[in-house]
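These notes concern the structure reproduced below.
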Amino acid sequence: MTGLSPAEQAAVDRIDQAAMLARVEHWSAINSGTRNLAGVATMAGLLADAAAALPATIRLVAPAPVDALDADGRVDALAHGQHLHAVVRPQAPVQLLFTGHMDTVYGRDHPFQALRHRDDGTLNGPGVADMKGGLAVMLAALDAVETSPAAADLGYEIVINSDEETGSLSSASLLAEAARGKHAALTYEPALADGTLAGARGGTGNFSILVRGRSAHAGRNPDDGRNAIVAAADLVLRLAEARSPHLSVNPARIDGGGPNNVVPDLAVVRVNFRPANMDEIVRAEAHIDEAIAAVAARHDVHLELHGSFNRPPKPIDAGAARLFALIREAGGDLGLHIGWRATGGVCDGNNIAAAGVPVVDTMGVRGGAIHSADEYMIVDSLAERAALSAVTILRLAARGRP
């Protein structure tokens with residue numbers, strides 16, 4: 001290591017790789033799929049206990065109400081777990097935000113539940129990289145920073161939500177409020193295996209469109225019916241026409257239909273949009289409205305739109321570029337090469353950037369194959385990435401902003 005101040009070196013020296021690994025093993029053995037409310041509650045309690053080592057005011061926040069359209073056309077409330085929110089020195093001159101998520105994509109009944117240490121120095125298991133390893137990195141870095149005299153000038157908030165993997169719909173308002181007035185933010189999604197960070201990100205929007213037609217006998221009087229499946233298929237083709245080099249459109253599913261001798265009177269179209277910039281969101285919204293109106297007129301059906309563009313695109317603006325440069329500098333002084341590249345994925349970093357806060361959202365462990373049974377974390381990256389965060393945080397505390 002070169003270029004570290006004595007305070008930075010002291011903070012790095014406090015990082016305990018073995019303790020971090022033990023935490024990841026413990027936390028990843030707990031199923032906390034987003035819909036497993038009991039597992040998420042267990043994780044929330046464990047994370048609150050871990051955060052209690054910080055001089056923080058800690059609370060568990062009730063999720064905001066979220067509705068979803070089911071396959072039968074009903075709008076039902078979706079249950080979510082509580083979110084962890086911690087506040088440290090809110091009156092300090094430098095204010096930062098640290099975020100992560102306790103949920104995973106692996107439900108209670110998913111076959112991928114076990115941990116396995118592999119000979120190549122990786123740990124294979126559900127959520128080890130995405131992002132229980134990242135949570136261990138965040139808390140270890142903050143523990144180390146709190147031992148430095150520089151911590152007196154540093155205030156921060158921590159948000160660890162329970163629904164990031166399903167769009168952060170019940171935690172979006174908490175994230176937006178926590179981001180207000182912050183100089184910078186770090187989010188602990190995993191870096192790539194070689195340490196590359198995510199740079200610019202596109203946005204995302206998920207929509208469900210209810211199509212109500214009219215049933216009739218398919219042989220005796222089909223013309224008296226209004227076929228919701230035919231209308232839904234027409235809608236899918238029209239929505240797909242919005243595709244462009246800067247907007248992907250993925251019609252993912254049509255729910256509905258029934259017996260072959262009945263004209264179906266209900267269908268639900270599920271579609272995902274991935275805009276590269278805000279102009280594409282405006283264009284997509286107009287296209288959705290036009291497609292719905294055209295299908296309603298042509299097929300004499302009623303359509304209802306549910307959903308939104310819940311994560312705006314995240315460009316690399318001047319503030320984000322300075323934050324990346326600061327992290328690269330910190331990495332260089334730790335002997336690490338830090339690079340970044342654009343990615344098509346989305347995360348809470350999109351929401352934070354939309355609040356006007358510079359954010360780097362892949363400060364977690366190095367790993368890969370996330371959202372699959374091959375998910376892995378490079379074990380040695382725990383202490384490495386905690387050191388990177390600790391030095392970055394101390395330099396943000398000293399400089400006031402990136």
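Model, not experiment: these values are computed from the prediction. Numbering starts at 1 and runs along the sequence shown. Atom set for the values below is all heavy atoms of this structure, side chains included, hydrogens, waters and symmetry mates excluded.
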Practice problem: Flag the pair Asp72 / Leu266 as yes when at least one side-chain heavy-atom distance between them is below 4.5 Å, and no otherwise. | Solution: no
Quiz item: Any side-chain heavy-atom pair from His85 and Ile58 closer than 4.5 angstrom?
Solution: no
Quiz item: How long is the span from the CZ atom in Arg89 to the CD atom in Gln95, to the nearest 0.5 Å?
Solution: 9.0 Å
Quiz item: Just checking, is any N or O donor in the side chain of Asp234 or His299 under 3.5 Å from an acceptor N or O on the other one?
Solution: yes
Practice problem: Check the pair Asp143, Arg14 against side-chain contact (heavy atoms from CB on, under 4.5 Å), reporting the backbone distance first and the verdict last. | Solution: CA-CA 9 Å; Asp143 282 340; Arg14 287 190 59 88; over 6 Å; no
Quiz prompt | Residues that Leu169 engages under side-chain contact (heavy atoms from CB on, under 4.5 Å), provided they are two or more places apart | solution = Val66, Asn310
Quiz item: Quick one: salt bridge (Lys or Arg N to Asp or Glu O under 4.0 Å) partners of Glu329, sequence neighbours excluded?
Solution: Arg395, Arg399
Self-check item: Distance-minimising heavy-atom pair for Pro264 and Gly257
Solution: CB-CA, 3.8 Å
Self-check item: side chain to side chain donor-acceptor pair (under 3.5 Å) between Asn277 and His246, intermediate numbers included
Solution: CA-CA 7 Å; Asn277 53 60; His246 302 293; 4.7 Å; no
Self-check item: Side chains of Arg214 and Val301 in contact at under 4.5 Å (non-hydrogen atoms)
Solution: no
Self-check item: Shortest non-hydrogen contact between Val268 and Ala71, atoms and distance
Solution: CG2-O, 4.0 Å
Self-check item: Distance-only donor-acceptor check, side chains Asn124 and Glu375, under 3.5 Å
Solution: no
Practice problem: Identify the two heavy atoms, one from Gly81 and one from Leu37, that lie closest to each other, and give their separation to 0.1 Å. | Solution: N-CD2, 3.7 Å
Practice problem: Mark yes or no for whether Asn36, through its side chain, and Asn31, through its backbone, hold a donor-acceptor pair below 3.5 Å. | Solution: yes
Quiz item: Is any NZ, NE, NH1 or NH2 atom of the basic residue among Arg366 and Asp194 found under 4.0 Å from an Asp or Glu carboxylate oxygen of the other?
Solution: no
Could you pull out every donor-acceptor pair under 3.5 Å between side chains of residues 20-30 and any protein atom, sequence neighbours left out?
from: Glu25; atom 1: OE2; to: His117; atom 2: NE2; distance (Å): 2.7
from: Ser28; atom 1: OG; to: Val24; atom 2: O; distance (Å): 2.9

Self-check item: Interatomic spacing from CG in Leu334 to CG in Leu336 - rounded to 0.5 Å
Solution: 5.5 Å
Quiz item: Under 3.5 Å, is there a donor-acceptor pair linking the side chains of Ser215 and Arg226?
Solution: no
Self-check item: Which atom of Gly331 lies closest to which atom of Ile338, heavy atoms considered
Solution: CA-CG1, 3.9 Å
Without placing hydrogens or testing angles, list every side-chain donor-acceptor pair under 3.5 Å for residues 347-355, not counting sequence neighbours.
from: Asp348; atom 1: OD1; to: Ser168; atom 2: OG; distance (Å): 2.5
from: Asp348; atom 1: OD1; to: Arg311; atom 2: NH1; distance (Å): 2.8
from: Asp348; atom 1: OD1; to: Arg311; atom 2: NH2; distance (Å): 3.4
from: Asp348; atom 1: OD2; to: Asn161; atom 2: ND2; distance (Å): 2.9
from: Asn350; atom 1: OD1; to: Cys347; atom 2: N; distance (Å): 3.1
from: Asn350; atom 1: ND2; to: Gly202; atom 2: O; distance (Å): 2.8
from: Asn350; atom 1: ND2; to: Pro312; atom 2: O; distance (Å): 2.8
from: Asn351; atom 1: OD1; to: Arg311; atom 2: NH1; distance (Å): 2.6

Quiz item: Which atoms form the tightest heavy-atom contact between Ala267 and Ile229, and what is the distance?
Solution: CB-CD1, 4.0 Å
Quiz prompt | Crowding at CZ, Arg243 (>12 non-hydrogen neighbours, <6.0 Å) | solution = yes
Quiz prompt | Salt bridge flag under 4.0 Å for residues Asp255 and Arg253 | solution = yes
Exercise. Could you please spell out the steps behind the side-chain contact (heavy atoms from CB on, under 4.5 Å) verdict for Glu165 and His101?
Key: CA-CA 8 Å; Glu165 294 292 7; His101 60 89; 3.3 Å; yes
Quiz item: Are Arg201 and Asp361 within salt-bridge range, i.e. N to O under 4.0 Å?
Solution: yes
Quiz item: Run the side chain to side chain donor-acceptor pair (under 3.5 Å) check on Glu280 and Ser244 step by step: do they pass?
Solution: CA-CA 9 Å; Glu280 289 300 311; Ser244 78; 3.3 Å; yes
Extract all donor-acceptor atom pairs below 3.5 Å that involve side chains of residues 285-295 and protein atoms in other chains or at least two apart in sequence.
from: His287; atom 1: NE2; to: Arg238; atom 2: O; distance (Å): 2.6

Exercise. Compare all side-chain heavy atoms of Ile393 with those of Leu154 and state whether any distance is below 4.5 angstrom.
Key: yes
Quiz item: Would a 4.5 Å heavy-atom cut-off, applied to side chains only, mark Thr122 and Val379 as touching?
Solution: no
Self-check item: Donor + acceptor pair across side chains of Ser32, Lys132 (<3.5 Å)
Solution: yes
Self-check item: Under 3.5 Å side-chain donor-acceptor pair for Arg35 and His80
Solution: yes
Exercise. Give the intermediate values and the outcome of side-chain contact (heavy atoms from CB on, under 4.5 Å) for residues Thr57 and Val88.
Key: CA-CA 7 Å; Thr57 300; Val88 175; over 6 Å; no
Quiz prompt | All pairs passing ring pair (Phe, Tyr, Trp, His ring centres under 6.0 Å) where residues 187-217 contributes a residue, at least two apart | solution = Phe207-Phe273, Phe207-Phe309
Quiz item: Who pairs with Arg108 by salt bridge (Lys or Arg N to Asp or Glu O under 4.0 Å), at least two apart in sequence or on another chain?
Solution: none
Self-check item: Under the side-chain contact (heavy atoms from CB on, under 4.5 Å) test, residues paired with Ala233 that sit two or more places apart
Solution: none
Quiz item: What pairs meet the ring pair (Phe, Tyr, Trp, His ring centres under 6.0 Å) rule with one or both residues in residues 160-181, with sequence neighbours excluded?
Solution: none
Quiz prompt | Residue pair Met138 / Leu186, side-chain heavy-atom distance below 4.5 Å | solution = no
Quiz item: Quick one: do the Arg270 and Ser208 side chains pair a donor with an acceptor below 3.5 Å?
Solution: yes
Practice problem: Return each pair, listed once, that meets ring pair (Phe, Tyr, Trp, His ring centres under 6.0 Å) where at least one residue sits in residues 375-396; pairs must be two or more places apart or across chains. | Solution: none
Quiz item: Passes side-chain contact (heavy atoms from CB on, under 4.5 Å), Thr362 versus Thr187? Steps please.
Solution: CA-CA 6 Å; Thr362 39; Thr187 295; over 6 Å; no
Quiz item: Can you tell me how far CG of Leu175 sits from NE2 of His83, rounded to the nearest 0.5 angstrom?
Solution: 8.0 Å
Quiz item: Any side-chain donor paired with an acceptor under 3.5 Å for Ser170 and Asp163?
Solution: yes
Quiz item: Tell me, do Leu115 and Pro126 make a side-chain contact under 4.5 Å, heavy atoms counted?
Solution: yes
Self-check item: Arg118 atom CZ, neighbour heavy-atom count above 12 within 6.0 Å
Solution: yes
Exercise. Give a yes or no on this: more than 12 heavy atoms of other residues, nucleotides or ligands lie within 6.0 Å of atom CG of Asn260.
Key: no
Quiz item: Would you say the side chains of Asn272 and Asn250 form a donor-acceptor pair under 3.5 Å?
Solution: no
Self-check item: Counterpart residues, ring pair (Phe, Tyr, Trp, His ring centres under 6.0 Å), relative to His306 (two or more places apart)
Solution: none
Quiz item: Which pairs, with at least one residue in residues 130-187 and sequence neighbours excluded, count as a ring pair (Phe, Tyr, Trp, His ring centres under 6.0 Å)?
Solution: Phe98-Tyr156
Quiz item: How close do Ala200 and Pro315 get, heavy atom to heavy atom, and via which atoms?
Solution: CB-CA, 4.4 Å
Quiz item: Below 4.5 Å, heavy atoms only, C-beta onward: do Ile160 and Leu135 meet side chain to side chain?
Solution: yes
